[in-house]
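Nothing fancy with the numbering, it's 1 onward along the sequence.
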Amino acid sequence: MCPAFDSVMRSTRPPSKQYDGDITEELARRVVMDRIYYNSLPLFRQLVDQGQVRVGFPDHEKYKLQSCSNFYNPSSALMNVNFWRDEFNNADSDFVLLIQDDAVLCHELNANLWREFAWVGGVWPQKSNPLSPVPLEGMCMGMPNRWRSWTLPQIRWTKQHEAEKRSDHVDRIPTPPFDLLEMDFPQICHGGIGPVGNGGLSLRSRRWLIKAISTCPHIKRSGINVEQMSLACKVIDDVNEDFYFGTVLQGIRAPLPTAFEAALFSTEMLWPEEVLDLYGEMTEDERELLVSERWGESKLPRYVEMQGGGFTVPLGMHKPWWYKSNDVLLGDHIEYNCPFLRYVFNPENSKWFDYIEEPWHGIGK
């Protein structure tokens, strides 16, 4: 029995509730569910009462996490192809909302309006910064640079094949046992296209994530026996799962939202208006058309009303206190348009001054 369950029993018991018997996984599951229920708002409690919520514990050995009682964030498990197969059942949707405990939905999300995409998450800035230092060269250069390094197997095979065709040993290099990939990484930082990928609040297609992992697996985290396979692409370096998926999905030409569409969904570092400044302006009519498509036509007046506050509050936010000041996050505009932020936001956790005051020498554009 995992020792984490013992700490679960001690730390997650609602007031005045007693649990008897040996600590088993099933008991720990009930304890966690009771704690979730105790801390939930009425709508989520209703989902629990209707049997629409289930709790799962990641297998730390299967997903190569540090241990069952000592891991901060199991997000590396998301780069394992088996996670997207085994942690779901046939009744589950292909489309998944991932929301971490430092993220919040601000207003109504209709997931059906986003289903055409492989991934929807907040937009990253062009430059690296003290709180997001990787890649040092910034996303606009870092993502295509990583794609080139990860697809070195295909690059090497292509060079060898071309050399052999010019020699007398035409048959020495066989046709590769993998599908050849597009080697030119898409242009991602102009024309309305930006580096989309923040995973803390994101919508994801399991089918596309499985394809991404199968096409370009991480040698340690993928759950795939990479050593026994010939691959056009593989990842060796230690990268965050959202940067990994953001890069690979771009590389394999998965359907992704424009920068403004992604910013309408979620903010971590950039408000939608800041995204437009960085990655391409749009006319007012073009912006409102995308708002109608992604929020629904009935929400367009809400968007128009927000313009009086100076910036658009998206459908959700992920730890905005790292990159936005308390003055902004505690202001009336946010209070009105994101009333649930107060449930996850402690002003003492702000890193705003670290973000704006620490000297930084990133080399991004």
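A salt bridge is defined here as a Lys NZ or Arg NE, NH1 or NH2 lying under 4.0 Å from an Asp or Glu carboxylate O, and E87 with R54 fails to meet this definition.
The shortest non-hydrogen separation linking V313 to W295 is O-CH2, 3.5 Å. A pairwise comparison of heavy atoms in L341 and I334 identifies CD2-CG2, 3.6 Å as the closest pair. Taking all atoms of both residues into account, the shortest heavy-atom contact from L209 to W119 is CD2-CE3, 3.8 Å. Contact between A212 and I252 at its shortest, heavy atoms only, is CA-CD1, 4.0 Å. The shortest heavy-atom contact between P272 and T267 is CD-OG1, 4.1 Å. Smallest separation of non-hydrogen atoms from V344 and D101: CG1-O, 3.9 Å.
Between the side chain of H190 and the main chain of L278, no donor-acceptor pair closer than 3.5 Å is present. A donor-acceptor pair is defined here as one N or O able to donate and one able to accept, closer than 3.5 Å; no such pair exists between the side chain of N80 and the backbone of A77. Remark: the backbone N or O of P347 is paired with a side-chain donor or acceptor of N326 at under 3.5 angstrom. Side-chain N or O atoms of T151 include none that pairs as donor or acceptor with a backbone N or O of Q154 at under 3.5 Å. In this structure a side-chain-to-backbone donor-acceptor pair under 3.5 Å is present from R45 to Y38. No donor-acceptor pair under 3.5 Å is formed between the side chain of R294 and the backbone N or O of W114. Counting only distance, with no hydrogens or angles, the side chain of H333 and the backbone of F311 share a donor-acceptor pair below 3.5 Å.
Taking the side chain as every heavy atom from C-beta outward, D59 and L65 never approach each other to under 4.5 Å. With a 4.5 Å cut-off on side-chain heavy atoms, P217 and V81 do not count as touching. Counting only heavy atoms from C-beta outward, the side chains of F243 and P135 approach each other to under 4.5 Å. Put simply, the side chain of W124 reaches to within 4.5 Å of the side chain of E268, judged on heavy atoms.
No chain of hydrophobic side-chain contacts below 4.5 Å, direct or via other Ile, Leu, Val, Met, Phe, Trp or Tyr residues, connects L43 to L315. Grouping the Ile, Leu, Val, Met, Phe, Trp and Tyr side chains by contacts below 4.5 angstrom, directly or via other members, places L289 apart from F260.
Annotation: the span from K64 atom NZ to S222 atom OG amounts to 9.0 Å, rounded to 0.5 Å. Going from atom CD of E288 over to atom OH of Y303 covers 6.5 Å, rounded to the nearest 0.5 Å. To the nearest 0.5 Å, the span separating NZ on K234 from CD1 on I236 amounts to 5.5 Å. Here the straight-line distance linking atom CD1 of I224 with atom CD1 of I219 works out to 12.5 Å at 0.5 Å rounding. Here W208 contributes atom CH2 and W84 contributes atom CH2; the two are 15.5 Å apart, rounded to the nearest 0.5 Å. In this structure, CZ on F245 lies 10.5 Å from SG on C216, to the nearest 0.5 angstrom.
Geometrically, R206 engages F88 in a cation-pi contact defined by less than 6.0 Å to the ring centre and at most 45° from the axis. Figure legend: cation-pi geometry between R302 and Y336, with NZ or CZ positioned under 6.0 Å from the six-membered ring centre and within 45° of its axis.
In this structure, a donor-acceptor pair under 3.5 Å is absent between the side chains of T312 and R287. Using a 3.5 Å distance cut-off with no hydrogens or angles, the side chains of T258 and E261 do pair a donor with an acceptor. In summary, the side chains of D237 and W150 do present a donor paired with an acceptor at a separation below 3.5 Å, with no hydrogens or angles considered. Residues N82 and Y63 have side chains that never bring a donor and an acceptor to within less than 3.5 angstrom of each other. At a cut-off of 3.5 Å, with distance as the only test, no side-chain donor of R207 or S205 sits close to an acceptor on the other residue.
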- Would you sort out whether D242 and N240 count as a side-chain hydrogen bond (donor to acceptor under 3.5 Å, both in side chains), showing the intermediate values? CA-CA 6 Å; D242 51 3; N240 290 336; 4.5 Å; no
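Around the CD atom of Q52, the shell of radius 6.0 Å holds more than 12 heavy atoms that belong to other residues, nucleotides or ligands.
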